[in-house]
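In what follows, a structure is listed as structure tokens, so that the remarks can point back to it.
Below, read A as the first sequence line, B as the second, and so on, with proteins coming before strands; counting in each chain starts at 1.
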Number of protein chains: 2
Amino acid sequence: MATGRTHRPATRSRGIPEATVARLPLYLRALTALSERSVPTVSSEELAAAAGVNSAKLRKDFSYLGSYGTRGVGYDVEYLVYQISRELGLTQDWPVVIVGIGNLGAALANYGGFASRGFRVAALIDADPAMAGKPVAGIPVQHSDELEKIISDNGVSIGVIATPAGAAQPVCDRLVAAGVTSILNFAPTVLSVPDGVDVRKVDLSIELQILAFHEQRKAGEESEADAALPPVGAHGAGSAAAAAEATGSGVSAQAPAAVPTDAGATTAAPAAAGAGSGTGAAAAASAGAGRKGPDGDVPAVMPA
Amino acid sequence: MATGRTHRPATRSRGIPEATVARLPLYLRALTALSERSVPTVSSEELAAAAGVNSAKLRKDFSYLGSYGTRGVGYDVEYLVYQISRELGLTQDWPVVIVGIGNLGAALANYGGFASRGFRVAALIDADPAMAGKPVAGIPVQHSDELEKIISDNGVSIGVIATPAGAAQPVCDRLVAAGVTSILNFAPTVLSVPDGVDVRKVDLSIELQILAFHEQRKAGEESEADAALPPVGAHGAGSAAAAAEATGSGVSAQAPAAVPTDAGATTAAPAAAGAGSGTGAAAAASAGAGRKGPDGDVPAVMPA
DNA sequence: TCGTGTGAACTATTTCACAGCA
DNA sequence: TGCTGTGAAATAGTTCACACGA
């Protein structure tokens, strides 16, 4: 593998920035809501507000798709819904399989937004024989032995992994071998996939940790300097609407802004520890002496 | 606020970039795994592989935390686990409440990684009286009437919303009013919160749509002159994919790289359509005339 | 007159590449 | 000798601000 350092001619894709692609679903949702209310047109300002972004960004995003608006007026809701749907590939049907029908898998299977927008749950797969045949969300669970057959029979190219961490990689490998080229991973593991396969991950634990980081900062700031922000006792600021005004003002800064959900995707972890491990138990000697750390104790952070 | 464009002394936070913060949990997980295997030290190369990033990025990330490595050797696993945990604020206990104990809420409550790493499920809350008292994951569900009391009694500052979309904003408002300053939202809605409150969202539908976008690109590249795309009687613009160009045959490129999970957070949608709606059924007249689109019909994209 | 579309400026993030320490 | 730590260069993404068309 190695070879060049994966320079890659850079973000191919017709040129729509990833950041923009990630926001299209947001716009689409807001537009769909407007459409349902039969609103004929929206301005970038209004739509941006509904989608939770600022209008300049929205206009820039749309500019990558083409010129679908009308100066002095705004955007035609229906037309834009169509254009974005098409751009996202939602005008076609995407059969998906969900592997791992535990609590989470069942929740995903029942998730309404799943069926809408072109996604169709082609099958629910679980390794537990006892689950086989049991209907979840109206769909009978199938045993994982069938995985390959299901994938090819249905032309599935998107797989959702909701298995325990340990089973994720093996399942992923099988999915990929069977032809899946896009994976949504809910298991707390870094998946290694061949080039050309996309992986996106959703990780509760990571999200919480990011929140904790900011939460900790807030707490520290209280006493430090600016008091304004977190108003004592309970109750958070009141200003809710305040921010309104649009653009400027509010903003707020400490907004998480944009944080990668990431996706080791494609490139994927190359060597990924792979070998090694052989070490096995051994080294009960515990870890390093008290390195620079004045504290040898070390925390806890119990593993999952 | 208004004043300068919210310059804010800049990202307060000691200066650790958001992108880095978002990766710390990843490193932590990899390190914890190594720690369990009693591996004493790791090089940036190894750890990076395990975390699914490249070593340069990892070293740069760590450099924001301080100089915790040893040249020529690597990083002391235990020590690094501690440092990152501390940085993320995981050395303290974070009580969290999960609101909305449906399929998803139950899955979250049962999620192991939840309890670990300093997070503790302080309470499960649901609006359905029938749920009250029923234990989920060993914790009895409490009625939402108790929400405020639970928040303050337990000093909860992090809330998880797993309710249906419609209930999300009201629940969010109550959580915030009760003192919660960090919210993890699983409901497919843009939450509006006051300044100082962080919101992160996890949205299955959005992730799938992003995958679909890339999947579509892959399909189109295969045959270059897209054929499979949506014929659709309507369809305004022509060229659709076409442009693709394909650049590097090797495809690859379309790696999602880093895409924001985002978080409208803070600023949040101000006006957000709010009112309106009253329109109700009315306007069956359908939307605007056939604007530039030669197609008045418009697609489907059924709403959720 | 109003709001889109967009070049340009600015900010954030990633990658390079190499000096320097254990 | 090997690997960290980090300026500097290269990219990516956001925001500004304003010309232009309906």
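Atom CD of Gln83(B) and atom P of dG5(D) are 12 Å apart (whole Å). For the pair Arg23(B) CZ and dT15(C) P, the interatomic distance rounds to 9 Å; values are reported in whole Å. Between the P atom of dG3(C) and the CG atom of Asp61(A) lies a distance of 20 Å, rounded to the nearest Å. Between the C1' atom of dA12(D) and the NZ atom of Lys57(A) lies a distance of 13 Å, rounded to the nearest Å. Following rounding to the nearest Å, Leu58(B) (CG) and dT15(C) (C1') show an atom-to-atom distance of 14 Å. If you take CG of Leu80(A) and C1' of dG5(C), they are 14 Å apart, rounded to a whole angstrom. Remark: C1' of dT14(C) and CD of Glu18(B) are 16 Å apart, rounded to the nearest angstrom. Going from atom OH of Tyr79(A) over to atom C1' of dT4(C) covers 15 Å, rounded to whole Å.
When the side-chain nitrogen and oxygen atoms of Tyr75(A) are compared with OP1 and OP2 of dG5(C), one or more of them lie within a distance under 4.0 Å. Within the 4.0 Å cut-off from OP1 or OP2 of dC18(C), not a single side-chain nitrogen or oxygen of Arg59(B) is found. At dT14(C), none of the side-chain N or O atoms of Asn54(B) fall inside 4.0 Å of OP1 or OP2 (strictly under the cut-off). Phosphate proximity of dT4(C) to Ser44(A): present, with a side-chain N or O under 4.0 Å from OP1 or OP2.
A residue-by-residue look at Gly72(A) and Phe62(A) shows that Gly72(A) has its nearest nucleotide of DNA chain C further toward the 5' end. Heavy-atom distances to DNA chain D give each of Glu45(B) and Lys60(B) a nearest nucleotide, and the one nearer the 5′ end belongs to Glu45(B).
Ion pairing of Arg29(A) with Asp203(B) is present here, as a side-chain N (NZ or NE/NH1/NH2) and a carboxylate O approach within less than 4.0 Å.
The base of dC2(C) lies outside donor-acceptor range of the side chain of Arg71(A), with no N or O pair under 3.5 Å.
Using a 3.5 Å distance cut-off with no hydrogens or angles, the side chains of Tyr79(A) and Gln83(A) do pair a donor with an acceptor. Remark: the Ser205(B) side chain and the Gln209(B) side chain contain an N/O donor-acceptor pair separated by less than 3.5 Å.
For Ser44(A), the side-chain contact (heavy atoms from CB on, under 4.5 Å) partners are Ser55(A), Leu58(A), Arg59(A), Tyr75(A), not counting sequence neighbours. Looking at residues two or more places apart in sequence or on another chain, you find a side-chain contact (heavy atoms from CB on, under 4.5 Å) between Thr20(A) and Ile16(A), Pro17(A), Arg23(A), Leu24(A), Asp61(A), Tyr64(A).
If you check dG5(D), dT14(D), dT13(C) against the side chain of Ala19(B), the one that comes closest is dT13(C).
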